[in-house]
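In each ligand, atom 1 is the first atom listed, and ligand 1 is the first ligand listed.
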Amino acid sequence: MNTNIVWHQATVTRQRREQMNGHRGTILWFTGLSGAGKSTLAHATEERLHQMGARTFVFDGDNVRHGLCQDLGFSDDDRTENIRRIGEVAKLCLDAGLITMTAFISPFRKDRRRVREMAAKADFHEIYCHASLEVCEARDVKGLYKKARAGEIPEFTGISSPYEEPEHAELLVETGTRGVDECVDQVIAYLRDHGVLPASDDTADAKATAGQAPGAQAI
Ligand code: ADP
């Protein structure tokens, strides 16, 4: 790295943003096979959080490949670089105080470990969207499994490229067998249990408290 580059310290800190938001910033890293339900669950969770008044953002696999990662393909190296970039952007969003959700297959343990190490332990939560290959293939939301079976997509996760299951995910969600709402409930409960959201209070109330009493512990 260039030695003339110096980090500029913001005066509006993460802590001040979190206080205003009424919740902590965090990274929820959804991982799982294609079609397991990462995007669906991340966006449904975001919808619920947004209605509660929380500040959120979802990074979605296909979407970042239109811009930030448009130069990358699906080779092992490119997948690694893809995940590294997302990790860096997610970290910036953490500083912005957002509940940041990422929905990427992220099939390799070493890549997930690397992004995990970018953040403090309390700020990174790996959420395994567990659905069997059979279920994902039967869903075949984008018709990709059919193409992969026909040999039209090289290095397709679960078919011709490995998916390394998480060994120590903070949360396992049975997206293959449970309904979406039930899975969202599980994520929200997890966020309350881990102090990202206020325990029982709703986020809007916590925000009001933070506004009324400067310095009050809203989160
Ligand atoms: P991914 O992002 O993992 O590739 P998608 O979210 O695009 O998967 O697609 C998952 C599909 O599974 C969607 O059609 C969704 O409606 C369905 N689905 C069924 N149950 C669930 C669940 N509990 N969570 C998430 N998706 C689910």
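At least one heavy atom of G35 sits closer than 4.0 Å to an atom of ligand 1. At least one heavy atom of C183 sits closer than 4.0 Å to an atom of ligand 1. The closest approach between any non-hydrogen atom of A36 and ligand 1 is below 4.0 Å. In this structure, L33 is part of the shell of residues with a heavy atom less than 4.0 angstrom from ligand 1.
No side-chain donor from either of R114 and T80 sits under 3.5 Å from a side-chain acceptor of the other.
Applying the ring pair (Phe, Tyr, Trp, His ring centres under 6.0 Å) test to every pair with at least one member in residues 58-93, sequence neighbours left out, gives these pairs: F57-F59.
Closest protein heavy atom to atom 15 (C) of ligand 1: T40 OG1, 3.6 Å. The nearest heavy-atom contact from the protein to atom 19 (C) of ligand 1 is R139 NH2, 3.2 Å. When only non-hydrogen protein atoms are considered, atom 8 (O) of ligand 1 lies nearest to G37 N, 3.2 Å. Regarding atom 23 (N) of ligand 1, its nearest protein heavy-atom neighbour is R178 O, 2.8 Å. Scanning the protein heavy atoms around atom 3 (O) of ligand 1, the nearest turns out to be K38 NZ, 2.7 Å.
Of all atoms in ligand 1, numbered sequentially from 1 with element shown, those under 4.0 Å from a heavy atom of S34 are 4 (O). Residue contact check: G179 has heavy atoms under 4.0 Å from atoms 23 (N) of ligand 1.
Judged purely by atom type and a 3.5 angstrom limit, K121 has no side-chain atom pairing as donor or acceptor with the backbone of R116.
Salt bridge E182/R178: present, at least one basic N to carboxylate O contact under 4.0 Å. A salt bridge does not link D60 with K38: every distance from a Lys NZ or Arg NE/NH1/NH2 to an Asp or Glu carboxylate oxygen is 4.0 Å or more. With respect to the salt-bridge test (charged N to carboxylate O, under 4.0 angstrom), the residues D140 and K147 do not qualify. Salt-bridge check for E117 with R113: failed, with every basic side-chain N at 4.0 Å or more from each acidic carboxylate O. The pair R149-E137 meets the salt-bridge criterion, with a side-chain N (NZ, NE, NH1 or NH2) lying under 4.0 Å from an Asp/Glu carboxylate O.
When the heavy atoms of T177, V135, L144, V141 are ranked by distance to atom 9 (O) of ligand 1, first place goes to V141.
Checking only distances, S39 does come within under 3.5 Å of ligand 1, N or O to N or O.
Remark: of the listed residues L49, T45, T40, T45 is the sole one forming a side chain to side chain contact (heavy atoms under 4.5 Å, CB included) with V184.
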